Participant: 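Submitted below is the structure of interest, expressed as C-alpha coordinates.
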Amino acid sequence: MRPEIAPESVPRLPRHVKLRHDKARDRWLILVPERVLVPDDTAVAVLSRVDGARSVRDIATDLAQTYHAAVDVILADSIALLQDLADKGFLAVTEPRHA
Amino acid sequence: MPEDHAADIQLVSRAGEDTGRSHGLPLAVLAEITHRCPLQCPYCSNPLAMEPGSNELPTADWLRVIDELAELGVLQIHFSGGEPTARRDLGQMIARATEAGLYSNLITSAVGLTRDKLAALVEAGLCHVQISVQGAEPALADRVGGYRGGHARKLEAARWTRDLDLPLTVNAVMHRQNLHQLPAIIDMAVGMGASRLEVANVQYYGWALKNRHALMPTPAQVEDCTATVEAARDRLRGVLEIDYVIPDYYAKRPKQCMGGWGRQFFNISPSGKVLPCHAAETITGLEFDSVRDRPLAWIWEHSKALNIYRGTDWMPEPCRSCEWKEADFGGCRCQAFALTGSAGSTDPACAKSPLHDHIFALAETEAGEERNRFIYRNLSGGTEEAGPA
(Lines give C-alpha, C1' and ligand atoms only; values in the text may rest on other atoms or scores of the structure.)
Protein backbone atom coordinates (compact mmCIF):
# COMPACT_ATOMS: atom_id res chain seq x y z
CA MET A 1 0.00 0.00 0.00
CA ARG A 2 1.01 3.63 -0.39
CA PRO A 3 3.11 5.22 2.34
CA GLU A 4 1.60 7.91 4.55
CA ILE A 5 3.58 11.12 4.61
CA ALA A 6 4.23 12.60 8.06
CA PRO A 7 6.49 15.50 9.11
CA GLU A 8 9.24 13.07 10.08
CA SER A 9 9.00 10.96 6.91
CA VAL A 10 12.10 10.94 4.76
CA PRO A 11 10.91 11.04 1.15
CA ARG A 12 12.92 9.97 -1.85
CA LEU A 13 12.25 9.77 -5.58
CA PRO A 14 12.20 6.15 -6.76
CA ARG A 15 14.36 5.17 -9.72
CA HIS A 16 11.44 5.43 -12.12
CA VAL A 17 10.70 9.07 -11.26
CA LYS A 18 13.08 11.66 -12.66
CA LEU A 19 12.93 15.35 -11.86
CA ARG A 20 14.79 17.06 -14.65
CA HIS A 21 15.34 20.53 -16.05
CA ASP A 22 14.74 20.22 -19.77
CA LYS A 23 17.00 22.48 -21.80
CA ALA A 24 15.07 22.27 -25.05
CA ARG A 25 11.79 23.45 -23.48
CA ASP A 26 13.41 25.49 -20.72
CA ARG A 27 11.26 24.05 -17.95
CA TRP A 28 11.29 21.55 -15.12
CA LEU A 29 9.70 18.19 -15.85
CA ILE A 30 8.90 15.02 -13.95
CA LEU A 31 9.40 11.90 -16.05
CA VAL A 32 7.38 8.82 -15.04
CA PRO A 33 6.29 5.70 -16.95
CA GLU A 34 4.44 6.69 -20.15
CA ARG A 35 3.91 10.26 -18.95
CA VAL A 36 5.63 13.60 -18.57
CA LEU A 37 4.41 15.93 -15.84
CA VAL A 38 5.05 19.65 -15.59
CA PRO A 39 5.56 20.59 -11.93
CA ASP A 40 4.70 24.11 -10.78
CA ASP A 41 7.22 26.26 -8.89
CA THR A 42 6.07 24.95 -5.50
CA ALA A 43 6.49 21.35 -6.54
CA VAL A 44 9.94 22.08 -7.98
CA ALA A 45 10.99 23.85 -4.77
CA VAL A 46 9.90 20.88 -2.64
CA LEU A 47 11.05 18.07 -4.94
CA SER A 48 14.48 19.53 -5.62
CA ARG A 49 15.07 19.21 -1.85
CA VAL A 50 13.92 15.59 -1.71
CA ASP A 51 17.15 13.63 -1.39
CA GLY A 52 16.40 10.55 0.69
CA ALA A 53 18.17 12.10 3.69
CA ARG A 54 16.10 15.10 4.76
CA SER A 55 12.71 14.74 6.45
CA VAL A 56 9.65 16.63 5.27
CA ARG A 57 10.07 18.88 8.32
CA ASP A 58 13.72 19.63 7.35
CA ILE A 59 12.59 20.51 3.84
CA ALA A 60 9.76 22.75 5.09
CA THR A 61 12.11 24.52 7.48
CA ASP A 62 14.57 25.17 4.67
CA LEU A 63 11.77 26.49 2.42
CA ALA A 64 10.38 28.69 5.21
CA GLN A 65 13.78 30.32 5.60
CA THR A 66 14.38 30.67 1.88
CA TYR A 67 10.98 32.18 1.14
CA HIS A 68 10.40 33.96 4.50
CA ALA A 69 7.14 32.10 5.10
CA ALA A 70 5.44 30.38 8.04
CA VAL A 71 6.86 26.89 8.51
CA ASP A 72 3.48 25.36 9.54
CA VAL A 73 1.81 26.47 6.33
CA ILE A 74 4.68 25.21 4.18
CA LEU A 75 4.79 21.93 6.08
CA ALA A 76 1.07 21.31 5.49
CA ASP A 77 1.39 22.19 1.77
CA SER A 78 4.45 20.00 1.37
CA ILE A 79 2.77 17.01 3.01
CA ALA A 80 -0.28 17.35 0.74
CA LEU A 81 1.89 17.61 -2.37
CA LEU A 82 4.13 14.68 -1.41
CA GLN A 83 1.18 12.53 -0.33
CA ASP A 84 -0.39 12.97 -3.72
CA LEU A 85 2.79 11.91 -5.50
CA ALA A 86 3.08 8.93 -3.12
CA ASP A 87 -0.54 7.94 -3.86
CA LYS A 88 0.34 7.85 -7.55
CA GLY A 89 3.39 5.68 -6.86
CA PHE A 90 5.80 8.49 -7.74
CA LEU A 91 7.34 8.94 -4.27
CA ALA A 92 8.85 6.54 -1.76
CA VAL A 93 9.74 7.05 1.91
CA THR A 94 12.53 5.54 3.90
CA GLU A 95 11.76 4.50 7.51
CA PRO A 96 10.19 7.40 9.43
CA ARG A 97 12.81 8.97 11.69
CA HIS A 98 11.95 9.49 15.32
CA ALA A 99 12.25 13.10 16.33
CA MET B 1 -4.64 19.94 -5.08
CA PRO B 2 -1.77 17.92 -6.54
CA GLU B 3 -3.31 18.10 -9.98
CA ASP B 4 -2.41 21.81 -9.85
CA HIS B 5 1.12 21.03 -8.78
CA ALA B 6 2.02 18.67 -11.61
CA ALA B 7 -0.09 18.72 -14.78
CA ASP B 8 0.38 16.51 -17.84
CA ILE B 9 2.54 18.13 -20.48
CA GLN B 10 0.89 19.83 -23.42
CA LEU B 11 2.34 20.46 -26.86
CA VAL B 12 5.49 22.50 -26.39
CA SER B 13 7.80 23.99 -28.95
CA ARG B 14 11.41 24.85 -28.41
CA ALA B 15 11.88 27.49 -25.73
CA GLY B 16 10.98 30.87 -27.18
CA GLU B 17 9.12 29.61 -30.24
CA ASP B 18 5.43 30.21 -30.73
CA THR B 19 3.27 27.18 -29.96
CA GLY B 20 0.50 27.63 -32.53
CA ARG B 21 2.01 25.04 -34.82
CA SER B 22 1.06 21.68 -36.24
CA HIS B 23 3.81 19.99 -34.25
CA GLY B 24 6.03 20.67 -31.27
CA LEU B 25 9.10 19.03 -29.88
CA PRO B 26 8.67 15.27 -29.90
CA LEU B 27 7.99 13.89 -26.41
CA ALA B 28 8.69 10.25 -26.99
CA VAL B 29 9.98 7.85 -29.59
CA LEU B 30 9.13 4.22 -30.21
CA ALA B 31 12.39 2.52 -31.14
CA GLU B 32 11.47 -0.71 -32.89
CA ILE B 33 14.98 -2.06 -32.89
CA THR B 34 14.11 -5.41 -34.46
CA HIS B 35 11.18 -7.26 -36.00
CA ARG B 36 12.54 -10.60 -34.78
CA CYS B 37 10.35 -12.11 -32.05
CA PRO B 38 9.83 -15.57 -30.55
CA LEU B 39 6.05 -14.93 -30.38
CA GLN B 40 3.75 -15.04 -33.41
CA CYS B 41 0.73 -13.04 -32.21
CA PRO B 42 -1.85 -12.76 -35.00
CA TYR B 43 -2.48 -9.06 -34.22
CA CYS B 44 1.17 -7.98 -34.23
CA SER B 45 1.55 -4.26 -34.93
CA ASN B 46 4.57 -4.86 -37.17
CA PRO B 47 4.00 -4.57 -40.93
CA LEU B 48 3.27 -7.71 -42.96
CA ALA B 49 6.58 -7.23 -44.75
CA MET B 50 9.00 -7.37 -41.85
CA GLU B 51 12.67 -6.44 -41.86
CA PRO B 52 15.02 -9.41 -41.68
CA GLY B 53 17.86 -9.20 -39.14
CA SER B 54 20.33 -8.36 -41.91
CA ASN B 55 18.56 -5.02 -42.58
CA GLU B 56 18.68 -3.86 -38.97
CA LEU B 57 20.39 -0.60 -38.07
CA PRO B 58 23.85 -1.36 -36.62
CA THR B 59 24.75 -0.53 -33.00
CA ALA B 60 26.87 2.50 -33.86
CA ASP B 61 23.98 4.10 -35.78
CA TRP B 62 21.55 3.52 -32.92
CA LEU B 63 23.97 5.12 -30.44
CA ARG B 64 24.29 8.18 -32.67
CA VAL B 65 20.51 8.33 -33.13
CA ILE B 66 19.97 8.17 -29.35
CA ASP B 67 22.21 11.23 -28.93
CA GLU B 68 20.28 13.00 -31.69
CA LEU B 69 16.97 12.16 -30.00
CA ALA B 70 18.08 13.80 -26.76
CA GLU B 71 19.37 16.83 -28.66
CA LEU B 72 16.04 17.16 -30.47
CA GLY B 73 14.11 17.30 -27.18
CA VAL B 74 12.78 13.73 -26.96
CA LEU B 75 12.22 12.80 -23.29
CA GLN B 76 11.30 9.13 -23.34
CA ILE B 77 12.45 6.21 -25.45
CA HIS B 78 10.41 3.03 -25.68
CA PHE B 79 12.59 0.10 -26.74
CA SER B 80 10.28 -2.18 -28.63
CA GLY B 81 10.13 -4.54 -31.60
CA GLY B 82 9.58 -7.38 -32.42
CA GLU B 83 11.26 -8.46 -29.25
CA PRO B 84 13.87 -5.84 -28.27
CA THR B 85 15.82 -8.25 -26.05
CA ALA B 86 16.57 -10.26 -29.20
CA ARG B 87 19.28 -7.66 -29.86
CA ARG B 88 22.41 -8.24 -27.77
CA ASP B 89 23.30 -4.54 -27.83
CA LEU B 90 20.09 -3.47 -26.03
CA GLY B 91 22.03 -2.84 -22.80
CA GLN B 92 24.46 -0.59 -24.66
CA MET B 93 21.56 1.40 -26.12
CA ILE B 94 19.88 1.81 -22.73
CA ALA B 95 23.17 2.92 -21.18
CA ARG B 96 23.60 5.53 -23.92
CA ALA B 97 20.00 6.71 -23.47
CA THR B 98 20.63 7.08 -19.74
CA GLU B 99 23.81 9.09 -20.38
CA ALA B 100 21.90 11.34 -22.77
CA GLY B 101 19.19 11.95 -20.15
CA LEU B 102 16.45 9.93 -21.83
CA TYR B 103 13.89 7.94 -19.83
CA SER B 104 14.02 4.30 -20.96
CA ASN B 105 11.06 1.96 -21.19
CA LEU B 106 11.29 -1.68 -22.24
CA ILE B 107 8.30 -3.07 -24.14
CA THR B 108 8.79 -6.81 -24.12
CA SER B 109 7.15 -10.19 -24.61
CA ALA B 110 9.48 -11.23 -21.76
CA VAL B 111 9.87 -14.80 -22.97
CA GLY B 112 13.56 -14.34 -23.77
CA LEU B 113 14.46 -12.62 -20.50
CA THR B 114 16.51 -14.05 -17.67
CA ARG B 115 16.91 -12.44 -14.26
CA ASP B 116 20.55 -11.60 -15.01
CA LYS B 117 19.71 -10.09 -18.38
CA LEU B 118 17.05 -7.88 -16.81
CA ALA B 119 19.35 -6.90 -13.92
CA ALA B 120 21.96 -5.78 -16.46
CA LEU B 121 19.39 -3.59 -18.22
CA VAL B 122 18.39 -2.06 -14.87
CA GLU B 123 22.06 -1.42 -14.14
CA ALA B 124 22.26 0.39 -17.51
CA GLY B 125 19.47 2.73 -16.35
CA LEU B 126 16.20 1.12 -17.46
CA CYS B 127 13.29 2.94 -15.75
CA HIS B 128 10.15 0.91 -16.54
CA VAL B 129 9.10 -2.45 -17.97
CA GLN B 130 5.99 -3.25 -19.98
CA ILE B 131 5.14 -6.92 -20.43
CA SER B 132 2.51 -8.12 -22.88
CA VAL B 133 0.06 -10.88 -21.92
CA GLN B 134 -2.15 -12.86 -24.29
CA GLY B 135 -4.64 -14.28 -21.77
CA ALA B 136 -5.17 -15.14 -18.11
CA GLU B 137 -4.03 -18.75 -18.31
CA PRO B 138 -1.43 -20.73 -20.30
CA ALA B 139 -3.69 -22.73 -22.65
CA LEU B 140 -5.23 -19.71 -24.37
CA ALA B 141 -2.31 -17.32 -23.88
CA ASP B 142 0.22 -19.73 -25.40
CA ARG B 143 -2.11 -20.48 -28.29
CA VAL B 144 -2.54 -16.78 -29.12
CA GLY B 145 1.20 -16.10 -28.89
CA GLY B 146 2.03 -19.31 -30.76
CA TYR B 147 4.68 -20.10 -28.13
CA ARG B 148 4.36 -22.96 -25.68
CA GLY B 149 5.41 -22.04 -22.13
CA GLY B 150 5.38 -18.30 -22.88
CA HIS B 151 2.73 -17.36 -20.34
CA ALA B 152 4.60 -18.89 -17.40
CA ARG B 153 7.79 -17.08 -18.44
CA LYS B 154 5.97 -13.76 -18.47
CA LEU B 155 4.79 -14.25 -14.90
CA GLU B 156 8.34 -15.07 -13.86
CA ALA B 157 9.75 -11.98 -15.62
CA ALA B 158 7.13 -9.85 -13.87
CA ARG B 159 8.43 -11.13 -10.51
CA TRP B 160 12.01 -10.21 -11.45
CA THR B 161 10.88 -6.76 -12.54
CA ARG B 162 9.25 -6.09 -9.16
CA ASP B 163 12.19 -7.70 -7.26
CA LEU B 164 14.49 -5.27 -9.05
CA ASP B 165 12.21 -2.45 -7.87
CA LEU B 166 11.05 -1.35 -11.33
CA PRO B 167 7.44 -0.36 -12.01
CA LEU B 168 5.53 -2.75 -14.25
CA THR B 169 2.89 -2.13 -16.89
CA VAL B 170 0.94 -5.09 -18.21
CA ASN B 171 -0.25 -4.75 -21.79
CA ALA B 172 -3.25 -6.94 -22.58
CA VAL B 173 -4.34 -6.96 -26.22
CA MET B 174 -8.01 -7.97 -26.28
CA HIS B 175 -10.10 -9.60 -28.98
CA ARG B 176 -13.04 -11.96 -29.47
CA GLN B 177 -11.12 -15.04 -28.31
CA ASN B 178 -9.78 -13.67 -25.01
CA LEU B 179 -12.26 -10.97 -23.90
CA HIS B 180 -14.02 -13.47 -21.61
CA GLN B 181 -10.80 -13.64 -19.58
CA LEU B 182 -10.58 -9.89 -18.94
CA PRO B 183 -11.74 -10.03 -15.28
CA ALA B 184 -9.09 -12.70 -14.61
CA ILE B 185 -6.46 -10.69 -16.50
CA ILE B 186 -7.17 -7.67 -14.29
CA ASP B 187 -6.73 -9.81 -11.14
CA MET B 188 -3.60 -11.32 -12.62
CA ALA B 189 -2.11 -7.86 -13.30
CA VAL B 190 -2.66 -6.94 -9.63
CA GLY B 191 -1.05 -10.23 -8.59
CA MET B 192 1.93 -9.51 -10.86
CA GLY B 193 2.49 -6.26 -8.99
CA ALA B 194 1.68 -4.04 -11.98
CA SER B 195 0.89 -0.39 -11.36
CA ARG B 196 -0.62 0.06 -14.84
CA LEU B 197 -2.68 -2.15 -17.10
CA GLU B 198 -3.38 -1.38 -20.73
CA VAL B 199 -6.60 -3.00 -21.90
CA ALA B 200 -6.09 -2.48 -25.59
CA ASN B 201 -8.63 -3.86 -28.01
CA VAL B 202 -6.99 -4.86 -31.28
CA GLN B 203 -6.72 -2.16 -33.91
CA TYR B 204 -7.08 -3.50 -37.42
CA TYR B 205 -4.15 -2.89 -39.74
CA GLY B 206 -1.31 -5.14 -40.87
CA TRP B 207 -1.41 -8.54 -39.21
CA ALA B 208 -4.59 -7.78 -37.28
CA LEU B 209 -6.40 -6.85 -40.49
CA LYS B 210 -5.30 -10.16 -41.99
CA ASN B 211 -6.73 -11.88 -38.87
CA ARG B 212 -9.80 -9.73 -38.44
CA HIS B 213 -12.12 -12.72 -38.94
CA ALA B 214 -10.56 -14.42 -35.89
CA LEU B 215 -10.24 -11.35 -33.66
CA MET B 216 -13.25 -9.07 -34.12
CA PRO B 217 -15.36 -9.01 -30.93
CA THR B 218 -19.14 -8.88 -30.85
CA PRO B 219 -20.82 -5.62 -29.79
CA ALA B 220 -22.02 -7.41 -26.62
CA GLN B 221 -18.44 -8.38 -25.73
CA VAL B 222 -17.30 -4.79 -26.12
CA GLU B 223 -20.11 -3.59 -23.86
CA ASP B 224 -19.13 -6.14 -21.18
CA CYS B 225 -15.50 -5.16 -21.56
CA THR B 226 -16.25 -1.47 -20.96
CA ALA B 227 -18.36 -2.29 -17.89
CA THR B 228 -15.61 -4.56 -16.51
CA VAL B 229 -12.97 -1.86 -16.98
CA GLU B 230 -15.14 0.82 -15.35
CA ALA B 231 -15.90 -1.36 -12.31
CA ALA B 232 -12.24 -2.35 -11.94
CA ARG B 233 -11.10 1.28 -12.13
CA ASP B 234 -13.36 2.10 -9.18
CA ARG B 235 -12.36 -0.94 -7.19
CA LEU B 236 -8.61 -0.57 -7.82
CA ARG B 237 -8.15 3.18 -7.44
CA GLY B 238 -4.63 3.81 -6.10
CA VAL B 239 -3.64 0.20 -6.82
CA LEU B 240 -3.87 -0.27 -10.58
CA GLU B 241 -4.30 2.42 -13.20
CA ILE B 242 -6.17 1.10 -16.26
CA ASP B 243 -5.78 2.55 -19.76
CA TYR B 244 -8.56 1.47 -22.08
CA VAL B 245 -8.79 1.41 -25.86
CA ILE B 246 -12.07 0.28 -27.46
CA PRO B 247 -12.10 -1.19 -30.95
CA ASP B 248 -12.52 1.55 -33.55
CA TYR B 249 -15.14 -0.28 -35.58
CA TYR B 250 -17.63 0.07 -32.74
CA ALA B 251 -16.67 3.63 -31.76
CA LYS B 252 -18.68 6.74 -32.55
CA ARG B 253 -15.72 9.05 -32.59
CA PRO B 254 -12.29 8.17 -33.93
CA LYS B 255 -9.36 7.93 -31.55
CA GLN B 256 -6.75 10.67 -31.41
CA CYS B 257 -4.16 8.44 -33.01
CA MET B 258 -0.61 8.96 -31.65
CA GLY B 259 -1.75 12.34 -30.32
CA GLY B 260 -1.94 13.56 -33.93
CA TRP B 261 0.13 12.59 -36.98
CA GLY B 262 3.76 13.72 -36.55
CA ARG B 263 2.77 16.00 -33.69
CA GLN B 264 4.53 14.69 -30.57
CA PHE B 265 5.70 11.16 -31.31
CA PHE B 266 7.45 9.15 -33.91
CA ASN B 267 8.64 5.66 -34.55
CA ILE B 268 11.99 4.41 -35.83
CA SER B 269 11.79 1.11 -37.72
CA PRO B 270 14.42 -1.64 -37.42
CA SER B 271 16.06 -0.44 -40.64
CA GLY B 272 16.09 3.21 -39.50
CA LYS B 273 13.01 4.65 -41.19
CA VAL B 274 11.25 7.47 -39.32
CA LEU B 275 7.49 6.84 -39.23
CA PRO B 276 4.64 8.82 -37.65
CA CYS B 277 3.38 5.56 -36.07
CA HIS B 278 4.24 1.88 -36.05
CA ALA B 279 1.60 1.03 -38.68
CA ALA B 280 2.37 3.81 -41.18
CA GLU B 281 4.27 1.51 -43.53
CA THR B 282 0.93 -0.15 -44.33
CA ILE B 283 0.10 3.04 -46.26
CA THR B 284 1.56 2.49 -49.71
CA GLY B 285 2.85 5.48 -51.63
CA LEU B 286 4.41 7.29 -48.67
CA GLU B 287 8.17 7.67 -48.69
CA PHE B 288 9.85 7.62 -45.31
CA ASP B 289 13.20 9.20 -44.57
CA SER B 290 15.87 7.14 -42.87
CA VAL B 291 18.25 8.04 -40.05
CA ARG B 292 20.91 6.41 -42.24
CA ASP B 293 20.61 9.28 -44.73
CA ARG B 294 19.54 12.36 -42.78
CA PRO B 295 19.91 13.94 -39.33
CA LEU B 296 16.86 13.36 -37.15
CA ALA B 297 16.27 17.08 -36.62
CA TRP B 298 15.97 17.54 -40.39
CA ILE B 299 13.60 14.59 -40.71
CA TRP B 300 11.32 15.83 -37.91
CA GLU B 301 10.92 19.22 -39.63
CA HIS B 302 11.04 18.33 -43.30
CA SER B 303 10.08 14.71 -43.92
CA LYS B 304 7.28 14.66 -46.50
CA ALA B 305 5.70 11.63 -44.81
CA LEU B 306 5.52 13.46 -41.48
CA ASN B 307 4.28 16.73 -42.95
CA ILE B 308 1.57 15.32 -45.23
CA TYR B 309 -1.08 14.78 -42.50
CA ARG B 310 0.16 17.21 -39.88
CA GLY B 311 -2.27 19.79 -38.52
CA THR B 312 -5.69 20.18 -40.15
CA ASP B 313 -5.02 21.67 -43.62
CA TRP B 314 -5.00 18.27 -45.36
CA MET B 315 -8.48 17.40 -44.14
CA PRO B 316 -11.42 16.71 -46.49
CA GLU B 317 -15.02 17.40 -45.51
CA PRO B 318 -16.73 16.57 -43.19
CA CYS B 319 -13.49 16.77 -41.13
CA ARG B 320 -12.45 20.26 -42.24
CA SER B 321 -15.49 21.97 -40.73
CA CYS B 322 -15.85 19.53 -37.80
CA GLU B 323 -15.87 20.94 -34.28
CA TRP B 324 -13.74 17.97 -33.10
CA LYS B 325 -10.93 18.34 -35.63
CA GLU B 326 -8.50 19.78 -33.08
CA ALA B 327 -9.50 17.12 -30.55
CA ASP B 328 -9.00 13.94 -32.58
CA PHE B 329 -6.94 15.33 -35.49
CA GLY B 330 -9.06 13.29 -37.88
CA GLY B 331 -8.43 9.90 -36.29
CA CYS B 332 -6.25 7.25 -37.85
CA ARG B 333 -4.73 7.57 -41.34
CA CYS B 334 -3.70 3.92 -41.46
CA GLN B 335 -7.27 2.87 -40.82
CA ALA B 336 -8.60 5.29 -43.43
CA PHE B 337 -6.18 3.73 -45.91
CA ALA B 338 -7.00 0.15 -44.92
CA LEU B 339 -10.75 0.66 -45.26
CA THR B 340 -11.10 3.24 -48.04
CA GLY B 341 -7.90 2.88 -50.04
CA SER B 342 -7.00 6.51 -49.38
CA ALA B 343 -5.08 7.68 -46.32
CA GLY B 344 -6.44 11.21 -46.79
CA SER B 345 -10.10 10.31 -46.41
CA THR B 346 -12.27 10.51 -43.29
CA ASP B 347 -11.54 7.75 -40.77
CA PRO B 348 -14.48 5.32 -41.09
CA ALA B 349 -14.39 4.92 -37.29
CA CYS B 350 -16.02 8.35 -37.16
CA ALA B 351 -19.82 8.43 -37.14
CA LYS B 352 -19.64 11.28 -39.69
CA SER B 353 -17.95 9.04 -42.25
CA PRO B 354 -20.31 7.73 -44.93
CA LEU B 355 -18.71 4.31 -44.37
CA HIS B 356 -19.32 4.20 -40.63
CA ASP B 357 -22.51 2.12 -40.68
CA HIS B 358 -20.96 -0.19 -43.23
CA ILE B 359 -17.91 -1.03 -41.09
CA PHE B 360 -20.06 -1.47 -38.00
CA ALA B 361 -22.19 -3.99 -39.87
CA LEU B 362 -19.11 -5.65 -41.33
CA ALA B 363 -17.60 -6.04 -37.85
CA GLU B 364 -20.79 -7.43 -36.41
CA THR B 365 -21.16 -9.96 -39.22
CA GLU B 366 -17.54 -11.03 -39.05
CA ALA B 367 -17.69 -11.42 -35.26
CA GLY B 368 -20.73 -13.68 -35.62
CA GLU B 369 -19.12 -16.06 -38.10
CA GLU B 370 -16.85 -17.68 -35.50
CA ARG B 371 -13.97 -18.29 -37.89
CA ASN B 372 -11.42 -18.72 -35.11
CA ARG B 373 -8.33 -20.02 -36.84
CA PHE B 374 -5.35 -17.63 -36.62
CA ILE B 375 -2.80 -16.76 -39.22
CA TYR B 376 0.39 -16.54 -37.18
CA ARG B 377 2.79 -13.70 -37.73
CA ASN B 378 6.22 -14.62 -39.07
CA LEU B 379 8.88 -13.45 -41.50
CA SER B 380 7.56 -15.69 -44.27
CA GLY B 381 4.22 -13.95 -44.62
CA GLY B 382 2.18 -15.88 -42.04
CA THR B 383 1.26 -19.48 -41.23
CA GLU B 384 -2.28 -20.69 -40.73
CA GLU B 385 -3.07 -22.36 -37.41
CA ALA B 386 -3.47 -26.12 -37.60
CA GLY B 387 -6.71 -27.84 -36.64
CA PRO B 388 -10.39 -27.28 -37.37
CA ALA B 389 -11.59 -23.82 -38.36
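Values reported hereafter were calculated over all heavy atoms of this structure, with side chains retained and with hydrogens, waters and symmetry mates removed. A note on names: the letters A, B, ... follow the listed sequences, proteins ahead of strands, and every chain is numbered from 1. Because the structure is predicted, anything quoted here is derived from the model rather than measured.
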Participant: Using a 6.0 Å cut-off, check whether atom CG of D41(A) has over 12 heavy atoms from anything other than its own residue.
Facilitator: no
Participant: Go through it in stages, so that I can follow the logic: the residues are V122(B) and R15(A), the test is side-chain contact (heavy atoms from CB on, under 4.5 Å), and I'd like the CA-CA distance, side-chain angles, deciding distance and then a yes or no.
Facilitator: CA-CA 10 Å; V122(B) 173; R15(A) 183 167 34 205; 3.5 Å; yes
Participant: What part of D243(B) is in contact with chain A, defined as an atom under 4.5 angstrom from a non-hydrogen atom: side chain, backbone, both or neither?
Facilitator: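 Answer is neither: D243(B) stays 4.5 Å or more from chain A.
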Participant: For Y103(B) and K18(A), which heavy atoms make the closest approach, and how far apart are they?
Facilitator: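 Shortest heavy-atom separation between Y103(B) and K18(A) comes out as CD1-CG, 3.8 Å.
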Participant: Give, as side chain, backbone, both or neither, the part of R196(B) having an atom under 4.5 angstrom from any heavy atom of chain A.
Facilitator: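 Only the side chain of R196(B) comes within 4.5 Å of chain A.
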Participant: With chain B, which of V32(A), D22(A), T42(A) has the greatest number of heavy-atom pairs at distances under 4.5 Å?
Facilitator: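 Counting heavy-atom pairs under 4.5 Å, the top option is V32(A).
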Participant: Using atom types as modelled and distance alone, determine if a side-chain donor or acceptor of Q76(B) lies under 3.5 Å from a backbone N or O of L31(A).
Facilitator: no
Participant: Looking at R25(A) and G73(B), would you say the former's side chain and the latter's main chain have a donor-acceptor pair under 3.5 Å?
Facilitator: yes
Participant: Where is the tightest heavy-atom contact between N105(B) and P33(A), given as atom of each residue plus distance?
Facilitator: OD1-CA, 4.3 Å
Participant: For chain A, which of A28(B), G101(B), G125(B) has the most heavy-atom pairs under 4.5 Å?
Facilitator: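 Of the options given, most contacts go to G101(B).
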Participant: If only side-chain N and O atoms count, and only distance matters, is there a donor-acceptor pair under 3.5 Å linking Q130(B) with E34(A)?
Facilitator: yes
Participant: Heavy-atom distances under 4.5 Å only: say whether L168(B) touches chain A with side chain, backbone, both or neither.
Facilitator: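 Neither part.
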